[in-house]
Every structure is written in structure tokens, then in C-alpha cells.
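In what follows, a single structure is set out as C-alpha cells and then discussed.
Reminder, nothing fancy here: chain letters follow the sequence lines and each chain counts from 1.
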Number of protein chains: 2
Amino acid sequence: MDNKIPIPTIKRYPSYLRRLQSYQQKGMVNVSATYIANDLQLNPIQVRKDISLTGIEGKPKIGFAVDDLIESLTNSLGWNNTNDAILIGVGNLGRALMGYEGFSQNGFRIVGAFDKNPDIIGTEVNGITVMPLEKLEAYVIENRINLAIMTVPAKQAQTVAELLVKCGVIGIWNFAPVHIQLPEGIVVERTDLSSHFASLSEKMRRVMVDKKPGFRKGWL
Amino acid sequence: MDNKIPIPTIKRYPSYLRRLQSYQQKGMVNVSATYIANDLQLNPIQVRKDISLTGIEGKPKIGFAVDDLIESLTNSLGWNNTNDAILIGVGNLGRALMGYEGFSQNGFRIVGAFDKNPDIIGTEVNGITVMPLEKLEAYVIENRINLAIMTVPAKQAQTVAELLVKCGVIGIWNFAPVHIQLPEGIVVERTDLSSHFASLSEKMRRVMVDKKPGFRKGWL
DNA sequence: TAGATTGTTAATCGATTAACAATC
DNA sequence: TAGATTGTTAATCGATTAACAATC
């Protein structure tokens, strides 16, 4: 029935969407896959294939209607309706995420925030009053939350995650630098800064070794 | 000569390192690839292959010396010596990154921070006094910085990036939700929250459709 | 019309996984 | 010794890229 769209493709969709929204603002009516590819420095064939997986139909020589393509991508991402999420751990990173306007366009919003620090509990961040961890369970159940963002210290991540699952959460976005073990059927997405940096520094090394022998060698 | 280690492998190394450090603290002397794989819920063959790419030699039945493996992974990641980086955009996210202790283990440290907001300039964050953007060029050149972290609003990202490259930066870690166009030879690593979330929500949808038909359907 | 672009099938590429001999 | 684990080559898998007919 519905062919699964590969995760790598799904991950590129948000970039396409952002470009398209900018085209829309500029008043562009149609756009080709090649055009988007140029903008994002991607392979045109890849963009074409990615787009075709949404099921939209284009017109040879003309491309795709910008409005339609936005709708098509939004649907494929499941971002056409909004879901509620909570956030645990209101440190700097937690605060940054709570203030990130982009999320509203990503089909979800943070509706509750929790922390265990008495100094933070009760304060208001982006219009949300931080609640104590003790209230987590009741809140998740009552509001039927199934998505949680964890910005807690590494040491507490496993415990908090288990609590979340016990309450019925099925998706956890983990920013703590630890691998969490949870029962099957629970989805954990980890945003691991060290992993990203590892990739960046390796690429920098390659550039320096391959393209500029000797240049700034040993600096990174 | 030196076989390039694939980026996916490089990205897994930090997780291995973290596990190994915890083994070290527990006093473990040797560890097998299988053991690490179990801990991280990865395929043992994959871990074994990843490790072998560092060039370390293990002993059948015994595994690898924890200390040696840590050293080996650290070297492969280039994290054995420290590099200086600067950060542009001292908002909540910038602050969070400046306070992230993990980076010191990742072979780099943030030595300078810049912003254009007069209210922020001059304030101290994690022992670093925020400087005005005007001082960026002189600072980068004088301190021979080649890595910059950008936590600026999307609209400013391209301009700031160009300025950075002009000053001699060759690696940019971009947290702004835009694609930046730069000359070849400059490495840009983008940490795109929307992309991560797209992946997470797609996986949640799959779990709900595949494994629990009807269960909480339509919620995400 | 001519030619740029779509849609789709086939070829390639690279990472993951399997297989298995060597060995402590 | 027996068997768990390494090291390495081969098979598989899935994503990317190429090719090309269809078409506006």
C-alpha cells in the first residue's frame, strides 16, 4: 500500500520545505527539482526522486506548483496537524528548545516543562510554568502526551526515560549524551553533539590532508 | 596509506568512547566488541569492524584492553589534542553549548564568543566575556581560529558565515535552520533540529502503524 | 518545434551483515 | 581442549546516481 519513504529522504524534506516557503514569499508559482537542488547544493536526481516519493505530480518543463509541493511535503512529514510534547530538564538547552519558533512549523509544540530544581520550578519560560517532576506522571496521562524531549544530565536520562515510558510516552527525543535502553516499540531519537562534531572534525581533516597538503596541518 | 574511516563509523566512535570510559571507571581491564554492542544495542559485527578500523589489535576470546581502545578511538577521532573554537550568537542555544562540558573531551574548547546585541556584549558566560561582532575578524586572525560554531538567527547565518570564511575559518558548525553556500574547501556541518524531528516522528508513525494497528492512531 | 523537465527503471556505490578461518 | 572472539573476505542490502522514454 503506502510505500515507506526512506529515513534519509525524510530528513531532507524539512530543507526542501524551508526553501519552498521562501519561494512562496517571493511569489514564485512553479519550481523544478533542479532549481531546489541548486539552492541546496544537492544532486538534482536525488531531489526529483525525493519529491516523487510524496506522490505529487509535476509537469515536464514547468516543474511543481510551489503551493502543492509545500502541502505534499507537509503531509508526508505528518506535519499537517499539531501534536503536544513535554520537555524535561529546563537548563540552557531546554530553554533554547522551548524558545525555538521553528517547532510550531514542525507539527508540534511544547505544552509542558518539568524540572527537579526548586529554583527553576514555578518560573515561567516562554509562557510555560515549569512543573516539578512529581507532577509528570499525572500530566502525561491526563493530556495523553506521547512525545517527550529530554534535556537532562546524562546520569538521570535512563531513569527519566523509564518514567516517561511508564506514563505512556512512546517517543523520546534525547539530548543527553547517553544511550538509553528501553522496551521495543518505544522510539528514541538521539541528538548527539559529540557525534556531529566527530563528523565535522573528520571532514575538516580530510579537506586539509586531501586538498591543501601542509596547510594548517596539525591544527585540527 | 591511511584508509579513510567511513563517516557513519566516525559518528559511532563517541558512543563507544563514552561506554569505555564508564568501563574504565568500573575497573574493567578488557572488553569485547560483543560486550559494547550489547550495551549500545548495535550489531556486534558492526562494532567489531568499526574498532578494527582504528588499527588496534585485540586478543581472541579476551577482547581489547580498555585503556588501549580508548586511546585508539581518541586518536582516530583526532581528539588527542585540543583545538580552539569560537561561537557566534550568544542566545539560549549558544549559552547551552558554551556550558557543555562534554566538548572538552571532544578535543576542542570555545575560547571566544561574539554577539551583536549590546545587552549581551560585555557579559560573561562560562568565564568568557562576550565580544562585539566587530572584533571577530581581528580575533580569528590573531588566534588563528579555524573552527566556528554559529548559533545565530537564520537570516544572519549566510552573512556571518561569509565573514568567518573571509577571516580564515575552514570549519563551521551551523545550528541555524538554513543551508549556507560557501566556497569549496570549507566544511559546514549542520545540526538541523527539524531534520532530527522529522526522523523521529516518521519512526513513531511506523511503530504505530506497523506494530500497534489502531493504537493511538492519528495522534502523531 | 525543440528542449527542459518529469517519472521510472536499471546500474552503481558504499555501508552493513554474514561467513569462516585463525587463535588465545 | 573447547569455544568465544578476533580479523578479514564475501554477500547482501539499501540509498544514490545514471539512463532514457514520455511530455508539456
Side-chain angles (χ1 to χ4, degrees), chain A residues 2-13 15-16 19-20 23 28-70 72-73 76 195 198-199 202-203 206 210, chain B residues 2-13 15-16 19-20 23 28-70 72-73 76 195 198-199 202-203 206 210:
Chain A
D2 59 343
N3 282 339
K4 266 194 288 198
I5 298 173
I7 295 290
T9 294
I10 289 280
K11 285 189 164 176
R12 283 187 293 269
Y13 280 175
S15 290
Y16 299 169
R19 290 315 304 140
L20 285 160
Y23 302 152
M28 287 172 62
V29 177
N30 294 297
V31 72
S32 73
T34 319
Y35 192 90
I36 299 172
N38 264 339
D39 256 13
L40 296 172
Q41 294 172 301
L42 293 175
N43 185 332
I45 303 170
Q46 184 172 60
V47 176
R48 182 147 40 107
K49 185 137 206 180
D50 283 350
I51 289 174
S52 82
L53 287 169
T54 68
I56 196 178
E57 268 184 32
K59 285 180 189 159
K61 176 100 193 225
I62 291 165
F64 304 86
V66 171
D67 292 355
D68 293 353
L69 190 46
I70 288 177
S72 206
L73 286 166
S76 293
S195 171
S199 166
E202 168 66 16
K203 287 175 194 161
R206 286 186 190 176
D210 292 359
Chain B
D2 58 345
N3 282 339
K4 264 195 290 198
I5 298 173
I7 294 289
T9 294
I10 289 281
K11 284 188 165 177
R12 284 187 292 269
Y13 280 173
S15 291
Y16 299 169
R19 291 315 303 139
L20 285 160
Y23 302 151
M28 285 172 64
V29 178
N30 294 297
V31 72
S32 73
T34 319
Y35 191 91
I36 299 172
N38 263 338
D39 255 13
L40 296 172
Q41 294 172 302
L42 294 175
N43 184 331
I45 302 170
Q46 186 172 59
V47 176
R48 183 149 36 110
K49 185 138 204 179
D50 283 351
I51 288 175
S52 82
L53 287 169
T54 67
I56 196 178
E57 269 185 31
K59 286 180 188 161
K61 176 102 192 226
I62 290 164
F64 304 86
V66 172
D67 292 355
D68 293 353
L69 190 45
I70 288 177
S72 206
L73 286 166
S76 292
S195 171
S199 166
E202 169 66 16
K203 287 176 194 161
R206 286 185 190 176
D210 293 357

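- Remark: side-chain polar atoms of A:T9 are not paired, donor with acceptor, to backbone N or O of A:D50 under 3.5 angstrom.
- Whole-Å rounding puts the A:L53 CG to C:dT8 C1' distance at 11 Å.
- Atoms CG and CG, from A:L69 and A:L73 in turn, are 4.5 Å apart once rounded to the nearest 0.5 Å.
- Rounded to the nearest 0.5 Å, atoms CD (A:Q46) and CD1 (A:I36) are 12.5 Å apart.
- Across all non-hydrogen atoms, the minimal contact from A:S199 to B:I7 is OG-CG2, 3.8 Å.
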Could you write out DNA chain D as dot-bracket? Rules: Watson-Crick or G-U wobble, both distances under 3.5 Å, brackets [ ] for crossings, | for pairs with another strand, dot for unpaired. ..||||||||||||||||||||||
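- With rounding to whole Å, B:K11 atom NZ is found 14 Å from C:dA15 atom C1'.
- Distance B:I7 CD1 to C:dT16 P: 12 Å, rounded to the nearest Å.
- Rounded to whole Å, the distance from CD1 on A:I51 to P on C:dT8 is 14 Å.
- Taking atom OH of residue A:Y13 and atom C1' of nucleotide D:dA15, one finds them 14 Å apart after rounding to whole Å.
- Which of D:dG7, C:dT16, C:dG7 sits closest to the side chain of B:R12 comes down to C:dT16.
- Rounding to whole angstrom units, CD1 of residue A:I5 and C1' of D:dT16 are separated by 17 Å.
- The shortest heavy-atom contact between B:P44 and B:A33 is O-CB, 4.3 Å.
- The heavy-atom pair separating A:A198 from B:I10 by the smallest distance is O-CG2, 3.5 Å.
- The shortest distance between side-chain heavy atoms of B:Y23 and B:D39 falls below 4.5 Å.
- At whole-Å resolution of the value, NZ in B:K4 and C1' in C:dG14 are 12 Å apart.
- With rounding to the nearest 0.5 angstrom, the OH atom of B:Y16 is 7.0 Å from the CG atom of B:L40.
- We find the OG-CZ distance between A:S72 and A:F64 to be 9.0 Å, quoted to the nearest 0.5 Å.
- If B:G58 and A:D50 are placed on DNA chain D by their nearest nucleotide, the residue sitting closer to the 5' end is B:G58.
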Does the protein touch nucleotides 17-24 of chain D at the base, only the backbone, or not at all? Give it as B, S and - per nucleotide, heavy atoms under 4.0 Å. BBB---BB
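- Here C:dA15 presents its P atom at 16 Å from CG of B:L42, a figure rounded to the nearest Å.
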